[in-house]
Amino acid sequence: MNQHLDLPAGLPIPVDDGACDHLVGTIIPSISLSSTPSGALVNVSSLSGLTIIFCYPRSGEAGVPIPEEWDLIPGARGCTPQACAFRDTSAELHGLGVEQIFGLSTQDTAYQTELKERVHLPYELLSDADLKWINGLRLPTFEWEGKPLVKRVTVAVRDGKIIKKWYPVFPSNRNAYEVIKWLKEQQASE
């Protein structure tokens with residue numbers, strides 16, 4: 001088992017605590033976030049078309065074992081598998097009308113760039129290290145080693161407005177496929 005790519009059996013399942021019930025219909029705040037690899041700023045509120053943003057707590061570090069305590073937090077484990085699932089389905093997502101895909105965490109851009117290069121992500125990762133975007137949308141967080149981290153949530157944004165949310169996300173490596181299923185349902189209903 002690759003500790004950073006595989007999900008172990010028996011992980012605690014997160015429950016829907018209602019913390020994201022307010023998101024659908026919300027206008028994205030005009031906040032610029034640092035993007036991989038260069039730190040260029042991206043303001044999601046100004047992007048046109050359909051954008052998928054998956055928010056994740058933190059990715060594992062190459063060569064560093066994942067602490068056992070991390071696996072005890074419902075929904076925390078699986079950031080790299082989630083990112084890789086969006087990597088593996090990015091062509092299909094684009095074919096279904098997605099203009100942009102972003103991953104977002106509170107990790108800094110240098111840390112995220114290492115992940116992007118290590119697992120060959122074809123999309124950019126956004127850093128919200130100061131939690132301006134997360135707090136602006138009132139996304140749920142939890143604390144790990146004294147630092148606030150965002151809980152796993154994915155949103156579909158069309159022209160600056162959230163039109164769909166996935167929360168809680170579990171298992172994380174299935175999230176991209178849930179987004180594809182929704183996109184196909186949207187196309188079938190048109």
Side-chain angles (χ1 to χ4, degrees), residues 2-5 20 23 26-67 70 73 75-91 93-94 98-157 160 162 165-167 169 172-173 175-176 179:
N2 181 321
Q3 192 181 27
H4 293 290
L5 294 178
C20 291
L23 287 177
T26 299
I27 302 298
I28 298 290
S30 181
I31 296 170
S32 295
L33 300 170
S34 178
S35 166
T36 55
S38 66
L41 296 179
V42 173
N43 187 335
V44 177
S45 70
S46 66
L47 298 177
S48 61
L50 182 61
T51 301
I52 302 295
I53 304 167
F54 66 96
C55 303
Y56 60 95
R58 62 185 301 276
S59 60
E61 208 172 332
V64 177
I66 297 170
W70 185 251
I73 303 168
R77 179 72 180 265
C79 301
T80 304
Q82 183 181 27
C84 290
F86 276 99
R87 174 198 66 200
D88 297 345
T89 59
S90 63
L93 288 162
H94 289 301
V98 174
E99 298 288 330
Q100 297 92 199
I101 302 167
F102 294 106
L104 180 145
S105 77
T106 58
Q107 293 167 302
D108 66 37
T109 301
Y111 193 105
Q112 291 177 328
T113 298
E114 186 280 327
L115 171 68
K116 178 179 169 56
E117 292 171 356
R118 176 170 33 103
V119 298
H120 312 288
L121 301 178
Y123 53 82
E124 303 307 326
L125 300 176
L126 302 175
S127 173
D128 190 14
D130 57 10
L131 284 87
K132 287 183 181 177
W133 200 80
I134 292 165
N135 289 337
L137 284 172
R138 300 186 343 258
L139 297 180
T141 60
F142 66 97
E143 200 164 293
W144 172 257
E145 296 180 344
K147 295 179 183 174
L149 302 176
V150 66
K151 286 187 178 182
R152 194 178 311 282
V153 58
T154 298
V155 293
V157 178
I162 297 175
K165 57 97 175 153
W166 290 265
Y167 177 83
V169 172
S172 63
N173 60 351
N175 185 215
V179 173

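Basis for what follows: all heavy atoms, side chains included, without hydrogens, waters or symmetry-related copies. In this text the structure is predicted, and so the values were computed from the model without any measurement.
- Taking 4.5 Å as the limit, some side-chain heavy atom of L131 sits within range of a side-chain heavy atom of P148.
- The shortest non-hydrogen separation linking R87 to P122 is CG-CD, 3.5 Å.
- Using a 4.5 Å heavy-atom cutoff, the side chains of S127 and Y111 are not in contact.
- In this view, S45 and I28, S30, N43 satisfy the side-chain contact (heavy atoms from CB on, under 4.5 Å) rule, not counting sequence neighbours.
- Rounding to the nearest 0.5 Å gives a distance of 11.0 Å between CG of L23 and OG1 of T154.
- For the atom pair D88 CG and L93 CG, the distance stands at 10.5 Å (nearest 0.5 Å).
- Applying the salt bridge (charged side-chain N to carboxylate O under 4.0 Å, His left out) test to pairs two or more places apart or on separate chains, those with a residue in residues 135-156 are D17-K151.
- Listed here is the closest heavy atom pair of A156 and L50: CB-CD1, 4.1 Å.
- Atom CD of E124 sits about 8.0 Å away from atom OG1 of T113, to the nearest 0.5 Å.
- Rounding to the nearest 0.5 Å places CG of L115 at 7.0 Å from SG of C84.
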Walk me through whether V119 and T80 qualify under side-chain contact (heavy atoms from CB on, under 4.5 Å).
CA-CA 8 Å; V119 298; T80 304; 4.1 Å; yes
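- Between F86 and V179, the closest side-chain pair of non-hydrogen atoms falls below 4.5 Å.
- Nearest heavy atoms, S34 versus T109: OG-OG1, 2.5 Å.
- When side chains are defined from C-beta on, S172 does not count as touching C79, because their heavy atoms never get closer than 4.5 Å.
- Checked against I53 for a side chain to side chain contact (heavy atoms under 4.5 Å, CB included), the options I101, V153, V44 give a single hit: V44.
- Side chains of S105 and Q112: a donor-acceptor N/O pair is present below 3.5 angstrom, by distance only.
- Atom CG of D130 sits about 12.0 Å away from atom CG of D108, to the nearest 0.5 Å.
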Candidate pair L47 and F102, rule side-chain contact (heavy atoms from CB on, under 4.5 Å), full reasoning
CA-CA 12 Å; L47 298 177; F102 294 106; 3.6 Å; yes
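- Inter-residue side-chain proximity for V42 and Q100 is flagged as unmet; no heavy-atom pair is nearer than 4.5 Å.
- Nearest heavy atoms, L149 versus P57: CD2-O, 3.7 Å.
- Nearest heavy-atom pair across F142 and A76 is CZ-CB, 4.2 Å.
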L104 and I134: CA distance, side-chain angles, deciding distance, side-chain contact (heavy atoms from CB on, under 4.5 Å) verdict:
CA-CA 9 Å; L104 180 145; I134 292 165; 4.2 Å; yes
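- Atom NZ of residue K116 and atom OG of residue S35 lie 8.0 Å apart, to the nearest 0.5 angstrom.
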Stepwise, does the side-chain contact (heavy atoms from CB on, under 4.5 Å) test hold for I162 with L137?
CA-CA 10 Å; I162 297 175; L137 284 172; 4.1 Å; yes
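- When every heavy atom of C55 is checked against every heavy atom of Q82, the shortest pair comes out as O-OE1, 4.4 Å.
- For the ring pair (Phe, Tyr, Trp, His ring centres under 6.0 Å) condition, the pairs that include at least one residue of residues 112-136, sequence neighbours left out, are F54-Y123.
- A donor-acceptor distance shorter than 3.5 angstrom exists from the side chain of Q107 to the backbone of S59, with no hydrogens or angles considered.
- Side chains of R77 and I66 form a contact here, defined as non-hydrogen atoms less than 4.5 Å apart.
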